[in-house]
Amino acid sequence: MVSLIAFLPLLQAAGASAQRYTQETSYPSPWGSGGPGWDEAYTKARQFVSQLTLPEKVNLTTGTGYQSDLCVGNTGSVPRLGLRHFCLQNGPNGVGSTDGNSVFPSGVTAVATFSRDLLRRRGYAMGEEHRGKGVDVQLGPNVGPLGRDPAGGRNWEGFSPDPYLSGVAIAETVVGTQDAGVIANAKHFILNEQEHFRNHISSNLDDKSMHELYLWPFADAVRAGVGSIMCSYNRINGTYACENSKTLNYLLKNELSFQGFVVSDWAAQHSGVNSALAGLDMTMPGSGSNKPYNSYWGGALTEAVLNGTIPQWRLDDMVVRIMAAYYKVGRDKTRIPVNFSTWLNTTTGYRHLAAGRDNTTVNHHVNVQGDHAELIREIAAKGTVLLKNENGALPLTKPLSIAVIGEDAQSDPNGPNACLHKYCTAGTLAMGWGSGAADFPYLIAPADALKKQAEADGTAFTNVEGNWALDAARAAARNASVAVVFVNANSGTGTVLTNGNFGDRDNLALGNGGDNLIAAVASVNCNTVVVIHSVGPVLMDHFKTHPNVTAILWAGLPGQESGNSITDVLYGKVNPQGRTPFTWGKTQSDWGITTLIESDDKLPETDFDEAVFIDYRHFDKKDIEPSWEFGFGLSYTNFTYFDLNIKATGTPDYEPATGETSPAPTFGKVDKNPASAMPPPDFEMLPKFIYSWINDTHIPCYGRPKLPEGSRDGSAQPLLAAGGTPGGNPGLYETVFTVTASVENTGSLQGTDIPQLYLSLGGPDEPKVVLRGFEDVSLEPGEAKTVTFNLTRRDISNWDVVSQNWVVTPHKKMVHVGASSRDFRLEGELPLAASSDPEVQNSYRV
Ligand SMILES: *[C@@H]1O[C@H](CO)[C@@H](O)[C@H](O)[C@H]1NC(C)=O
Ligand SMILES: *[C@@H]1O[C@H](CO)[C@@H](O)[C@H](O)[C@H]1NC(C)=O
Ligand SMILES: *[C@@H]1O[C@H](CO)[C@@H](O)[C@H](O)[C@H]1NC(C)=O
Ligand SMILES: *[C@@H]1O[C@H](CO)[C@@H](O)[C@H](O)[C@H]1NC(C)=O
Ligand SMILES: *[C@@H]1O[C@H](CO)[C@@H](O)[C@H](O)[C@H]1NC(C)=O
Ligand SMILES: *[C@@H]1O[C@H](CO)[C@@H](O)[C@H](O)[C@H]1NC(C)=O
Ligand SMILES: *[C@@H]1O[C@H](CO)[C@@H](O)[C@H](O)[C@H]1NC(C)=O
Ligand SMILES: *[C@@H]1O[C@H](CO)[C@@H](O)[C@H](O)[C@H]1NC(C)=O
Ligand SMILES: *[C@@H]1O[C@H](CO)[C@@H](O)[C@H](O)[C@H]1NC(C)=O
Ligand SMILES: *[C@@H]1O[C@H](CO)[C@@H](O)[C@H](O)[C@H]1NC(C)=O
Ligand SMILES: *[C@@H]1O[C@H](CO)[C@@H](O)[C@H](O)[C@H]1NC(C)=O
């Protein structure tokens with residue numbers, strides 16, 4: 001429902017981008033209407049919201065301030081109806097800022113399993129842990145950053161720079177988390193691709209790339225029923241993400257028909273009225289410097305409804321969306337009291353820390369880990385990518401002696417939780433730093449697990465702990481049957497300067513002298529195995545090609561069972577199935593992306609001129625030979641592929657959505673008498689707490705602000721052609737082709753293969769290939785299985801900016817099935833039938 005799309009040139013941009021990128025707008029903000037998976041929740045939510053007063057409604061939209069209550073984000077509550085506040089908590093890889101929780105493999109490792117089942121089970125287990133702590137909204141999973149910049153500080157919290165793979169991963173995680181009774185939060189919406197200038201940088205991007213790349217996984221999250229989405233810190237084409245009506249109103253709530261609520265990243269809100277009209281539904285942490293209410297919302301939002309600037313339907317829509325997410329995941333049935341404090345690690349202390357009030361038991365130290373350790377160990381082992389394995393180096397079988405070398409194999413001498421949010425990790429790297437980090441219950445160091453294995457095998461074991469004692473490393477390595485060197489590279493949020501990095505990596509080299517350590521060991525041991533724990537790719541061609549480096553493994557960020565997981569892989573208890581979810585270039589310039597690290601501009605900008613050509617799409621386009629390509633990974637066994645079959649399913653034609661929404665509904669009556677929005681006379685307010693009451697019955701008139709055209713229009717709106725139901729037009733998700741291929745295990749060990757389907761969409765300016773299917777297939781030696789890939793209409797389409805819809809272009813489309821993005825084993829053409837309909841003559845009828 002877009003009554004109007006306006007085009008304004010970028011306000012502050014003096015340079016070339018002013019012509020190329022426009023600040024588009026779209027109003028009014030679409031009101032939620034339910035739909036598949038949401039109808040029952042909407043009925044309950046509307047019924048509940050109908051009973052609320054104006055200050056009660058506003059209470060649910062506004063955080064009560066930084067450190068106002070136990071969680072990292074806390075809304076107001078509705079005491080009259082027994083509804084406690086919403087608790088929002090980090091994060092994407094485990095419950096943050098508490099104890100008794102697990103630390104899961106980070107997204108980047110979980111996705112490397114290429115296993116839908118493991119991704120879903122991980123989501124469920126994380127959901128269970130959040131539920132057990134009393135959390136309502138789990139702040140994750142992440143697909144923003146997507147991973148445009150290989151040095152991007154927060155890529156590891158998310159999954160992969162490939163949108164299809166990230167889309168599958170986020171959908172499985174959302175379903176898992178929400179099945180456990182917790183609202184998932186897909187973040188950060190959108191184009192939040194670097195940490196330098198994180199609060200103000202503008203990411204400028206064209207509409208086609210938005211759809212085909214960055215919006216794609218969010219569409220999958222919405223289709224999976226995600227209850228909430230976090231708007232990001234950055235600007236898009238010059239407008240802040242949390243007041244960007246084009247991205248929130250048009251793309252998310254209209255085209256993708258998102259039915260849950262949009263919450264701001266912490267302090268990412270920059271306006272009250274504007275953000276409300278542009279589609280923001282909840283502000284976090286709620287506090288801001290604005291007088292008199294110390295918030296953009298809270299009392300100010302109540303005032304804006306009373307004075308008529310914000311229509312009641314928009315406020316009601318915010319609250320219905322919030323409560324619908326609550327009912328959708330069954331929070332009304334599974335909610336327990338919050339039993340931890342984000343801010344304190346003592347058992348007792350102030351519940352309302354900012355206010356210094358209510359000294360009570362804040363940490364009940366509830367153990368929520370269940371049996372998740374087993375799953376964590378399995379995911380980290382299966383997500384380990386075997387990049388090189390020569391001379392039968394791996395798996396190890398009772399070697400005479402083993403030397404384990406490097407700080408990255410050791411326990412942190414100060415414990416695994418030495419610093420807040422992992423800002424100072426020493427020892428083995430099992431997760432990155434920042435708000436996405438969680439505290440470890442324990443962390444199994446590789447050296448400890450390998451020592452245990454060596455003892456059981458009667459293998460002589462030596463361990464060199466530092467990275468700088470090269471003589472000791474050489475001495476230990478010289479006589480060992482195998483030398484295993486552990487190295488790492490870390491990154492995180494750009495909130496503090498950590499190891500000289502402001503979130504993003506300054507370069508893609510190994511940290512802490514890792515390259516010298518490998519060189520020293522490999523100079524004396526012709527069976528050197530390198531294990532890399534890293535947030536993303538590192539430059540490794542120099543040791544990849546070293547003749548004495550017989551094996552290389554990327555063990556990503558494995559979580560708490562690190563040592564056990566890598567031991568399982570090195571000794572063949574788990575046959576690696578991991579495939580690299582990103583490309584490993586030979587030099588940083590290979591990726592064609594530069595992090596903006598210096599700017600005199602208060603409002604710096606980056607033009608995403610590379611459009612859809614990131615990661616392997618870029619390497620393919622420029623014909624750059626990587627060290628290892630996207631999708632690559634070895635096994636201890638071998639697989640062959642045969643029998644490709646492509647069949648059209650005969651699905652009916654694609655129908656653009658037509659018709660109109662109903663007019664914006666309202667729920668309950670707003671009492672326009674300001675006295676009704678004042679606090680009860682005897683109410684004792686907590687200091688520094690954000691309330692939704694106004695504090696003066698005299699509502700000041702500031703003069704009607706200049707509001708965007710159409711922004712208060714609650715009349716019926718036309719549907720967008722590509723919209724209609726959560727995730728977009730349901731026709732986009734219909735299977736239009738099935739592709740089958742057979743895989744056989746021709747080696748001598750059981751193993752899991754990941755056959756991958758790539759599509760060439762054809763056309764002059766399209767990527768050579770894009771990933772459009774994968775499967776994990778477990779095979780005994782000699783066994784063969786047939787794998788089926790479903791190609792949906794979206795999978796074979798391109799975004800057409802003119803018709804604002806997905807179209808199947810007339811270009812020849814080739815299907816490739818193989819073992820990586822550059823190792824195709826089978827090939828066939830999609831049998832497209834030209835349409836007889838002159839209206840769609842330029843496209844194909846599928
Ligand atoms: C940014 O500008 C480009 C080029 O005009 C346009 O295609 C795109 O839709 C704009 N995006 C937003 C969010 O305004
Ligand atoms: C808003 O929430 C706060 C904090 O939970 C609570 O003290 C206050 O009573 C609520 N206001 C209304 C109008 O219910
Ligand atoms: C904490 O959570 C547990 C369940 O995980 C629940 O039984 C308990 O009541 C909660 N504790 C408090 C003090 O709310
Ligand atoms: C309203 O609240 C603001 C900030 O909380 C305060 O500065 C102001 O004095 C209050 N006004 C009244 C009439 O209480
Ligand atoms: C109504 O209140 C809001 C919030 O204080 C303010 O931003 C807006 O300018 C007000 N509108 C009028 C007409 O005074
Ligand atoms: C608890 O927090 C304090 C202050 O934030 C910190 O100094 C201390 O090391 C923490 N203790 C533990 C056991 O984490
Ligand atoms: C809270 O209460 C506990 C136990 O009664 C006491 O030890 C502690 O000092 C108190 N904390 C504060 C901040 O007053
Ligand atoms: C390595 O082996 C050589 C020859 O067997 C021996 O002389 C030397 O002491 C050994 N060094 C270490 C560090 O074990
Ligand atoms: C490989 O290791 C052997 C010792 O086993 C050493 O003599 C040789 O120089 C090494 N090769 C390189 C290229 O460092
Ligand atoms: C896999 O195939 C390669 C080459 O075809 C061969 O060298 C290797 O021994 C095979 N490995 C296994 C485990 O069968
Ligand atoms: C493919 O479609 C079939 C039939 O609808 C379904 O059973 C199967 O789960 C689908 N596979 C995937 C990977 O979505």
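Keep in mind the model is a prediction, meaning the values are calculated, not measured. Nothing fancy with the numbering, it's 1 onward along the sequence. In each ligand, atom 1 is the first atom listed, and ligand 1 is the first ligand listed.
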Protein residue, atom and distance nearest to atom 13 (C) of ligand 11, heavy-atom basis: E775 OE1, 3.7 Å
For ligand 1, the portion of I236 having any non-hydrogen atom under 4.0 Å away: side chain
D117/S115 under side-chain hydrogen bond (donor to acceptor under 3.5 Å, both in side chains): CA gap, chis, key distance, verdict: CA-CA 5 Å; D117 174 59; S115 163; 4.8 Å; no
Contact atoms of ligand 1, heavy-atom distance to N237 under 4.0 Å: 1 (C), 2 (O), 3 (C), 8 (C), 10 (C), 11 (N), 12 (C), 14 (O)
Min side-chain heavy-atom separation V222-D220 under 4.5 Å: no
Polar proximity ligand 1 side, Y21 side, N/O cut 3.5 Å exclusive: no
Atom 9 (O) of ligand 11 - nearest protein heavy atom and its distance: N790 ND2, 4.8 Å
Derivation of the salt bridge (Lys or Arg N to Asp or Glu O under 4.0 Å) call for R20 and D609: CA-CA 10 Å; R20 279 181 287 124; D609 286 345; 2.6 Å; yes
Working for side-chain hydrogen bond (donor to acceptor under 3.5 Å, both in side chains), residues H270 and S275: CA-CA 8 Å; H270 296 274; S275 62; over 6 Å; no
Region of T22 engaging ligand 1 - heavy atom pairs below 4.0 Å: both
Close side-chain approach of R793 and T651, heavy atoms under 4.5 Å: yes
Under 3.5 Å side-chain donor-acceptor pair for S202 and N204: yes
Pairwise side-chain contact, D765 with F613, heavy-atom cut-off 4.5 Å (strictly under): yes
Pair I201-E193, side-chain contact (heavy atoms from CB on, under 4.5 Å): steps then yes or no: CA-CA 10 Å; I201 193 167; E193 297 292 323; over 6 Å; no
Non-hydrogen atom of V801 closer than 4.0 Å to ligand 1: no
For ligand 1, the portion of R20 having any non-hydrogen atom under 4.0 Å away: backbone
Passing candidate, side-chain contact (heavy atoms from CB on, under 4.5 Å) with E172, options R121, R122, R116: R116
4.0 Å protein heavy-atom contact status of atom 7 (O) of ligand 6, strictly under: no
Ligand 1-proximal atoms of E24, by part, heavy-atom distance under 4.0 Å: both
K246 neighbourhood, listing ligand 1 atoms whose heavy-atom distance to it stays under 4.0 Å: 9 (O), 12 (C), 13 (C), 14 (O)
Ligand 1 contact on T239 by region, counting heavy-atom pairs under 4.0 Å: neither
Sub-4.0 Å protein heavy atom next to atom 11 (N) of ligand 6: yes
For atom 3 (C) of ligand 6, the option (of L420, T346, N345, D99) bearing the nearest heavy atom: N345
